[in-house]
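Remarks on the structure that follows.
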Protein chains: 2
Amino acid sequence: MARKTGSHSEITGPRIRAEASRLFARHGFAAVSMRQIAAAVGVQAGALYLYTPDKEALLFDLLKTHMEELLAAWHTEPKGAEPLEALERFVRFHIGFNLMRSEAVFLSYMELRNLSEANFAVIEGLRRAYETELEEILKAGQAAGALSVPDTKLATMAIIAMLTGVNTWYREGGRLSRDTVETIYWDMVRKAVGA
Amino acid sequence: MARKTGSHSEITGPRIRAEASRLFARHGFAAVSMRQIAAAVGVQAGALYLYTPDKEALLFDLLKTHMEELLAAWHTEPKGAEPLEALERFVRFHIGFNLMRSEAVFLSYMELRNLSEANFAVIEGLRRAYETELEEILKAGQAAGALSVPDTKLATMAIIAMLTGVNTWYREGGRLSRDTVETIYWDMVRKAVGA
DNA sequence: GTCTATAGCAGGATAGAC
DNA sequence: GTCTATCCTGCTATAGAC
């Protein structure tokens with residue numbers, strides 16, 4: 001029997017997260033109301049509180065899940081045997097994954113200040129762990145003489161900023177394919193680290 | 001005669017912009033109330049409307065002024081005679097200016113979506129004009145054979161993202177001086193463009 | 001030019017019916 | 001699990017006294 005209202009707990013939770021992510025990315029966390037999220041999902045505002053204790057916890061859940069999936073995805077990538085191979089994999093992985101999850105990436109950069117101190121520290125820790133992955137590649141490459149940078153920490157920050165920047169201008173169906181963009185950026189990174 | 005309340009139009013206007021900039025950068029445009037800004041300035045909320053027609057116009061004024069000052073400052077820089085000299089000047093200028101105006105830079109990246117369509121277009125135009133300055137340097141360098149990039153447009157975006165990223169981690173009094181950071185980044189940029 | 005006061009509305013979150 | 005109704009708070013912006 002069809003009915004207007006009923007139980008949908010398995011589907012409503014994910015839909016709330018998806019719509020919240022979309023709305024937060026588009027308008028900003030503070031500018032989006034619980035009523036707007038509820039309307040996008042197709043439920044009443046009160047129903048959201050069955051799935052999250054409050055608005056901030058909803059944001060935290062989105063950011064934490066994203067960062068954990070980013071790290072998990074990177075860890076399943078085949079490791080390059082040589083340092084330059086590992087670096088190329090990182091460059092391509094970062095661009096590819098970030099374009100695939102552009103909404104969540106955007107949130108992770110823009111909405112950190114809306115987290116409580118404790119929750120901020122958690123996300124910050126995950127971000128640092130990811131950055132360390134790249135820095136270790138650079139250090140290993142430097143030690144092996146496969147590349148040469150003035151400062152591995154600064155090179156790490158520079159490369160990540162450069163790669164993440166792709167998200168600000170890349171549009172599907174534009175002038176260049178994702179793969180071409182990855183290749184061009186890999187070329188610039190390779191040269192930048194003196195390899 | 002001293003008095004508690006009175007005329008301060010010459011000083012209140014700039015103070016409103018300064019406090020609004022600080023608060024918007026720290027908490028986000030949507031999360032800051034007109035009451036908070038007024039309290040920081042030391043006036044009542046109603047008084048703000050003598051200086052701005054509404055909250056969005058206040059943000060637009062901050063962003064527009066910043067972008068215009070950025071372009072004006074760049075245009076007063078001595079131009080390099082050779083392409084590589086010009087590129088080095090751009091790199092050092094961008095890092096230096098952005099660190100000096102970190103609040104406004106942050107706003108210009110984070111709060112664009114809180115502008116009306118028309119105001120957004122104005123800021124976007126100024127940003128594009130600035131990017132074009134770098135792209136012209138790269139094109140000239142490419143034509144002169146002083147450097148080699150796969151794509152000047154992508155190299156422009158990559159370099160700007162990389163340089164602007166300094167703002168996310170640089171802290172005065174940290175491990176490296178501003179000048180050292182500029183030199184390290186210039187080294188990476190120079191190599192990245194194959195010079 | 002600034003103040004106090006307030007109109008008019010929207011927000012987060014909860015209570016209790018179904 | 002969802003809905004309706006509501007509490008309480010805070011917001012932008014304006015009116016009118018000083």
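None of the values given here were measured: they were computed from a predicted structure. Just so it is clear, the values below take in all heavy atoms, side chains as well, and ignore hydrogens, waters and symmetry mates.
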Fill in the blank from the handout: side-chain hydrogen bond (donor to acceptor under 3.5 Å, both in side chains) pairs touching residues 26-47 of chain A, sequence neighbours excluded, are none
Handout entry: Residues in contact with DNA chain C, drawn from residues 50-62 of chain A - heavy-atom cutoff 4.0 Å
Key = A:D54, A:K55
Problem - Nearest-angstrom distance from the residue atom OH of B:Y49 to P of D:dC11 - result: 11 Å
Problem - Centroid separation A:F106 to A:H66 less than 6.0 Å - result: no
Fill in the blank from the handout: All heavy atoms of B:S148 vs all of A:K191, minimum pair found to be O-NZ, 3.5 Å
Handout entry: Considering all heavy atoms, the nearest B:A73-B:F97 contact
Key = CB-CE1, 3.6 Å
Completion exercise
Distance col, row B:L63:CG vs B:L58:CG, nearest 0.5 angstrom, shows 10.0 Å
Practice task
For the pair A:W74 and A:F90, name the ring-plane relationship: parallel under 30°, tilted 30 to 60°, perpendicular over 60°.
Solution key: perpendicular
Handout entry: Separation of atom CG in B:N114 from atom C1' in D:dC11, rounded to whole Å
Key = 15 Å
Practice task
Determine whether the side chains of A:T183 and A:R92 contain a donor N or O and an acceptor N or O closer than 3.5 Å.
Solution key: yes
Problem - Close residues, residues 28-45 of chain A, relative to DNA chain C [heavy-atom separation under 4.0 Å] - result: A:V32, A:S33, A:M34, A:R35
Problem - Distance test, side-chain N/O of A:T12 to OP1/OP2 of D:dG1, below 4.0 Å - result: no
Practice task
May I have the distance from A:L48 (atom CG) to C:dG12 (atom P), rounded to whole angstrom?
Solution key: 10 Å
Problem - A:K55 side chain to A:F29 backbone, donor-acceptor under 3.5 Å - result: yes
